[in-house]
Amino acid sequence: MKWVVTSAWPYAHGTPHLGNIVSSLLSADVFNRYLRLKGYETIMVSGSDEHGSPIEIKAIKLGLDPKELTDKVHQQIKDILKGFNIEFDNYTRTHNTTHIKYVQEVFRKIYNNGYIFSKYDELLYCPKDKLFLPDRFVIGTCPHCGYDGARGDQCENCGKLLDPLDLLNPRCSICDLKPTVKKVKHYYFDLPKFSDKLYRWIKQSKTLSDNSKNFSLQMIKQGLKARSITRN
Ligand SMILES: [Zn+2]
Ligand SMILES: [Zn+2]
């Protein structure tokens, strides 16, 4: 039998801590070695995730280009993997040509099949930094508990999920000034169109645990939401 062993892709915004190594990278390596000892043919792959707002924020704060930051962190992660003797057949990164081309092909296919639509959203914008402020770029007062350090995606105090526009007294996390509201076009993946198909597939699955089955079926019953797939 042939196996593909993967692990979660470490975020390239800072040196990974011991928990990152133990929880996904090391366990993948242990499993891979076990399979090889049993005589199976395996390939083990993962890579550094170089995209997302935490990387952009960190780079801005350090006065670096995001690519400069991820170049540095990617090399650090590779050195750490070597130090722990964790052996990937391919440890790559999201900003390589193969990955970019593959992701574009997948999204083009989904778009051509009619599962992506666009609509206009209101977003917070910092005129000083000339930047739209998604989730972690904006802090303010939580409308649920009144905590003043809530982030645009979640309040750390009460745990409630937030939209940046929910925050009272919002501030830009870079310059601390009050942002303005701008209307922009965004693309969404039409997840609700898959509700019936997903429901049937999860229900008949023989490999999913009862716990994850019930959790997922409950989510579908409550109504799936379209997922935003673009950002400013
Ligand atoms: Zn709160
Ligand atoms: Zn700002």
Side-chain angles (χ1 to χ4, degrees), residues 6-26 28-29 43-108 121 123-140 149-154 156 162 164 167 170-180 182 184-187 227-232:
T6 64
S7 80
W9 289 47
Y11 234 150
H13 68 314
T15 315
H17 55 75
L18 207 52
N20 300 133
I21 304 289
V22 174
S23 64
S24 73
L25 301 164
L26 183 65
D29 190 60
I43 183 160
M44 184 161 102
V45 291
S46 185
S48 302
D49 184 350
E50 299 176 87
H51 298 101
S53 55
I55 287 163
E56 203 180 348
I57 296 185
K58 187 75 177 284
I60 289 171
K61 284 187 175 162
L62 292 172
L64 295 171
D65 183 79
K67 178 77 168 42
E68 282 177 81
L69 173 67
T70 60
D71 279 347
K72 208 178 98 195
V73 177
H74 178 65
Q75 190 53 50
Q76 259 179 2
I77 297 174
K78 279 174 72 173
D79 292 343
I80 290 172
L81 292 175
K82 208 170 169 199
F84 274 83
N85 202 15
I86 294 173
E87 286 175 354
F88 282 96
D89 295 299
N90 183 12
Y91 186 82
T92 179
R93 49 201 293 182
T94 52
H95 205 63
N96 77 54
T97 331
T98 314
H99 191 265
I100 292 171
K101 240 183 97 186
Y102 180 76
V103 171
Q104 286 173 342
E105 270 170 27
V106 168
F107 277 99
R108 200 164 288 130
D121 288 334
L123 289 183
L124 295 178
Y125 179 81
C126 175
K128 180 163 180 273
D129 292 308
K130 296 187 174 52
L131 207 67
F132 283 95
L133 304 173
D135 46 57
R136 298 181 204 202
F137 276 79
V138 52
I139 44 172
R151 284 196 328 241
D153 56 347
Q154 189 170 21
E156 276 177 21
L162 300 171
L167 291 172
R171 276 123 40 212
C172 167
S173 76
I174 303 160
C175 70
D176 212 37
L177 292 177
K178 189 176 158 55
T180 57
K182 268 196 179 187
V184 271
K185 188 178 179 181
H186 271 290
Y187 289 87
R227 307 286 300 197
S228 142
I229 54 167
T230 50
R231 280 206 169 165
N232 287 89

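- Counted by atom type alone, Asp71 and Gln75 present zero donor-acceptor pairs between their side chains at under 3.5 Å.
- Looking at every heavy atom in both residues, Pro170 comes nearest to Val138 through CB-CG2, 3.9 Å.
- Ser48 pairs with exactly one of Trp9, Tyr91, Tyr11 by the side chain to side chain donor-acceptor pair (under 3.5 Å) rule, that one being Tyr91.
- Evaluation of the side-chain contact (heavy atoms from CB on, under 4.5 Å) rule for His51 yields Asp49, Thr94, His95 as partners, not counting sequence neighbours.
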* Does the side-chain contact (heavy atoms from CB on, under 4.5 Å) test come out yes or no for Phe88 and Leu25, once each step is laid out? -> CA-CA 9 Å; Phe88 282 96; Leu25 301 164; 3.8 Å; yes
* Asked: Does the side-chain contact (heavy atoms from CB on, under 4.5 Å) test come out yes or no for Ile80 and Thr15, once each step is laid out?
  -> CA-CA 9 Å; Ile80 290 172; Thr15 315; 3.7 Å; yes
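- How far NZ of Lys72 is from CD1 of Ile77: 12.0 Å, rounded to the nearest 0.5 Å.
- If you take CD on Glu50 and CG on Asn96, they are separated by 8.0 Å, rounding to the nearest 0.5 Å.
- Heavy atoms only, all atoms of each residue included: His186 and Asp121 are closest at CB-OD2, 3.6 Å.
- Between Leu162 and Ala150, the shortest heavy-atom contact is CD1-CB, 4.1 Å.
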Could you pull out all donor-acceptor pairs under 3.5 Å where a side-chain atom in residues 127-136 meets a protein atom, sequence neighbours excluded?
from: Asp135; atom 1: OD1; to: Ser53; atom 2: OG; distance (Å): 3.1
from: Asp135; atom 1: OD2; to: Arg231; atom 2: NH2; distance (Å): 2.6

* Could you give me the CA-CA distance, side-chain angles and deciding distance for Thr70 and Arg93, then say whether side-chain contact (heavy atoms from CB on, under 4.5 Å) is met? => CA-CA 9 Å; Thr70 60; Arg93 49 201 293 182; 4.0 Å; yes
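- In this structure, CZ on Phe84 lies 5.0 Å from CG on Leu18, to the nearest 0.5 angstrom.
- Between atom NZ of residue Lys101 and atom CD of residue Gln104 there is a gap of 9.5 Å, rounded to the nearest 0.5 Å.
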* Show your reasoning for whether side-chain contact (heavy atoms from CB on, under 4.5 Å) applies to Met44 and Ile86. => CA-CA 10 Å; Met44 184 161 102; Ile86 294 173; 4.2 Å; yes
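- Once rounded to the nearest 0.5 Å, the distance linking CG of Asp79 with NE2 of His74 reads 10.0 Å.
- At distances below 3.5 Å, not a single donor-acceptor pair connects side-chain atoms of Asp89 with backbone N or O atoms of Val45.
- Between Cys172 and Cys126, the shortest heavy-atom contact is SG-SG, 3.9 Å.
- Scanning all heavy atoms of the two residues, the minimum distance from Pro164 to Leu124 falls at O-CD1, 3.7 Å.
- Side-chain contact check for Pro10 versus Ser46: some heavy-atom pair is nearer than 4.5 Å.
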Residues 55-65 side chain polar contacts: donor-acceptor under 3.5 Å, at least two apart:
from: Lys58; atom 1: NZ; to: His13; atom 2: O; distance (Å): 2.9
from: Asp65; atom 1: OD2; to: Lys67; atom 2: N; distance (Å): 3.1

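- When all heavy atoms of Gly152 and Leu167 are compared, the closest pair comes out as CA-CD1, 3.8 Å.
- Atoms CG and CG, from Asn20 and Leu26 in turn, are 12.0 Å apart once rounded to the nearest 0.5 Å.
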